[in-house]
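Chain letters run A, B, ... following the sequence lines, proteins first and then strands; every chain starts at 1. Here the structure is a predicted model, which means the values were calculated and not measured.
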There are 2 protein chains.
Amino acid sequence: MSVNESEIAATNSGGQEPDARKTSPAVVKRLSLYSRVLQAMEFDGQDKVSSADLARRLGLNSSQVRKDLAIFGQFGVPGFGYPVMELRREIRRILGTDREVRVILIGVGNLGSALMSYRGFLKQGFTMLWGFDADPVAAAQRVRTRIPIFHVDDLEQQIASRPVDIAVLAVPQEAAQGITDRLVALGVMAILNFTPARIQVPAGVHVRYVDLSLELESLSFYVQ
Amino acid sequence: MSVNESEIAATNSGGQEPDARKTSPAVVKRLSLYSRVLQAMEFDGQDKVSSADLARRLGLNSSQVRKDLAIFGQFGVPGFGYPVMELRREIRRILGTDREVRVILIGVGNLGSALMSYRGFLKQGFTMLWGFDADPVAAAQRVRTRIPIFHVDDLEQQIASRPVDIAVLAVPQEAAQGITDRLVALGVMAILNFTPARIQVPAGVHVRYVDLSLELESLSFYVQ
DNA sequence: TAGATTGTTAATCGATTAACAATC
DNA sequence: TAGATTGTTAATCGATTAACAATC
């Protein structure tokens, strides 16, 4: 140990991330949930909240809430709780949702066009930049937004003009890996994959699967 | 212990579920993944598969695969592996996807209409019975299927005529709890919730959340 | 028989929960 | 000061992985 403990504590109490990308997905997901609840509380004019409150609202354990938050700094005040506005701001900073997060969508079919105009994304502050489709004319007819739709061949050109943070994949299953390879080559580091295809990416690129059929299959198990 | 171990083993080797509903969601999810991979293998004419194979295809550990499968019975043959067709059939039986699984969708808006006509559901054998919306006429214009769309007031009448297994919620956030209460009263035991609202249900009713914004927020964390 | 692979037990790992001193 | 609630350590729980005897 070359640094003493008070130095470590000092570093972290300012709210610096630890060795960030190692945080478990479950923790990140909960941070996102806390952020939502805090948003509602802030809207209601509530100025402080305890870990027990937060836990109750989300069906979690209060120890877990405190532990999750303590990973990133000391945001609470013993005997008082957490200041709502400040905590929310901190969590947004931690998640990176305080900055512009640029999103593109590839595959403007049935599902893709719904995702492109999904209000929830806008509401949470995401910037949906562009859509891409193998048939941009047909795609444009499906979607009711002013977001420009390009031919998928223009992927390279567009991303070169303005880098994107997250790509949403809603292409046919067979096209998933090919598009993924191109996205990765273009430096896209995060993909939200709505196809059931398991896609291969180099280490460091983050993929999240939203497998709609799989959700139904899982539920099917519990209802028989 | 009133029953001896060989009796228990005998009961389970036929492929009977254990005290079923206690199985962890993670295991159920993987069963669903195995089922998919097996479907592809069956299509390719492959007749046997080892736990190591299956694990490699899904980025899992072979012990985990064997353990998951062993929960429900002895489907493998030591020194040989698992017979593809039979294993797939067993998993489908365990998941309940070998029978008709009836699904309804409430909230035929942008997202809802895309979900209603989502090919993946059909492909996995789910039966999308009906859609419901507060404005069925407008909703009918959005969706390109022959699935009938009813007024949400007709929920009770329709479900009385033919019970459903799973309800998909794609209504505005504020309407989520109200609709949920009605679904629960109608005996619906599984809800796939696409709204960000945390909904309250009595014990025994299963809810799964697909929170689209939350997925983006989680990814946002990893790309900063 | 020799080789392969299962089913299962034991070991490990990580995540959740409980407990409590520190502190506002 | 007394009461409340944090941050953190220790205990518990559950899930994953390793190991290996059983067996085809």
Side-chain angles (χ1 to χ4, degrees), chain A residues 4-6 8-16 18-19 22-31 33-34 38 46-84 86-87 90-91, chain B residues 5-6 8-16 18-19 21-31 33-34 38 46-84 86-87 90-91:
Chain A
N4 70 44
E5 292 180 9
S6 62
I8 294 172
T11 304
N12 224 17
S13 64
Q16 302 308 309
D19 42 4
K22 284 184 187 171
T23 313
S24 92
V27 170
V28 177
K29 190 174 144 184
R30 287 196 299 271
L31 286 178
L33 291 171
Y34 302 150
L38 291 166
Q46 188 176 332
D47 64 340
K48 65 166 181 167
V49 63
S50 68
S51 58
D53 266 358
L54 226 28
R56 193 163 358 87
R57 293 273 288 248
L58 293 165
L60 304 173
N61 178 294
S62 67
S63 289
Q64 186 168 51
V65 173
R66 292 196 297 280
K67 199 153 222 227
D68 285 344
L69 297 175
I71 295 172
F72 300 93
Q74 309 205 148
F75 307 126
V77 183
F80 174 85
Y82 299 86
V84 169
E86 193 188 309
L87 180 57
E90 290 290 348
I91 293 178
Chain B
E5 291 180 10
S6 62
I8 294 171
T11 304
N12 223 17
S13 63
Q16 302 308 310
D19 42 1
R21 302 304 88 87
K22 284 184 186 171
T23 314
S24 92
V27 170
V28 177
K29 189 175 144 184
R30 286 196 299 270
L31 286 178
L33 291 172
Y34 302 151
L38 291 166
Q46 189 176 331
D47 64 340
K48 65 167 180 168
V49 64
S50 68
S51 59
D53 266 357
L54 226 28
R56 193 162 358 88
R57 293 273 288 246
L58 292 164
L60 304 172
N61 177 294
S62 67
S63 288
Q64 186 168 51
V65 172
R66 291 197 297 281
K67 198 150 220 225
D68 285 345
L69 298 175
I71 295 173
F72 301 94
Q74 309 205 148
F75 306 128
V77 182
F80 173 86
Y82 299 86
V84 169
E86 193 188 308
L87 180 58
E90 290 290 349
I91 293 177

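Within the nucleic acid shown, B:S62 has no heavy atom closer than 4.0 Å to any nucleic acid atom.
Residue A:L69 contributes atom CG, which lies 11 Å from atom C1' of D:dG7 at whole-angstrom precision. Atom pair B:K48:NZ and D:dC24:P shows a separation of 15 Å (rounding to whole Å applied). Per the geometry, CZ belonging to B:F72 stands 16 Å off C1' belonging to C:dT8, to the nearest Å. Between A:I71 atom CD1 and D:dT9 atom P there is a gap of 13 Å when expressed in whole angstrom units. Rounded to whole Å, atom C1' of C:dG7 lies 14 Å from atom CG of B:L87. In this structure, A:Y34 places its OH atom 12 Å from P of D:dT6, rounding to the nearest Å.
Nearest heavy atoms, A:R30 versus A:D68: NE-OD2, 2.6 Å. Scanning all heavy atoms of the two residues, the minimum distance from B:N61 to B:A55 falls at C-CB, 3.7 Å. Closest approach of A:Q46 to A:D53, counting heavy atoms only: NE2-OD2, 4.1 Å.
Residues passing the side chain to side chain donor-acceptor pair (under 3.5 Å) test with A:R57: none are found, sequence neighbours excluded.
Annotation: side chain of B:L38 is not in contact with side chain of B:Y82 (no heavy-atom distance under 4.5 Å). Two residues are said to be in side-chain contact when any heavy atoms from C-beta on lie closer than 4.5 Å; A:L54 and A:L60 fail this criterion. B:L58 places none of its side-chain heavy atoms less than 4.5 Å from the side chain of B:Q64.
Close to C:dG7, at under 4.0 Å from its OP1 or OP2, lies a side-chain N or O of B:Y82. For the OP1/OP2 pair of C:dT23 and a distance below 4.0 Å, the side-chain nitrogens and oxygens of A:Q74 include no atom meeting the criterion.
Judged by Watson-Crick or G-U wobble contacts below 3.5 Å, the nucleotide C:dT9 has D:dA18 as its partner. In this structure, C:dT23 forms a base pair with D:dA4, meeting either the Watson-Crick or the G-U wobble geometry with both donor-acceptor distances under 3.5 Å.
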Under 3.5 Å, N/O pairs linking protein and nucleotides 15-20 of chain D:
| from | atom 1 | to | atom 2 | distance (Å) |
| --- | --- | --- | --- | --- |
| D:dT16 | OP1 | B:R30 | NH1 | 3.2 |
| D:dT16 | OP2 | B:R30 | NH2 | 3.2 |
| D:dT16 | OP2 | B:Q64 | NE2 | 3.2 |
| D:dT16 | O5' | B:Q64 | NE2 | 3.0 |
| D:dA18 | OP2 | B:N61 | ND2 | 3.0 |
| D:dA18 | N7 | B:S63 | OG | 2.8 |
| D:dA19 | N6 | B:R66 | NH2 | 3.1 |

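Each of B:S50 and A:F80 was assigned the nucleotide of DNA chain C with the nearest heavy atom; the assignment lying further toward the 5' end belongs to B:S50.
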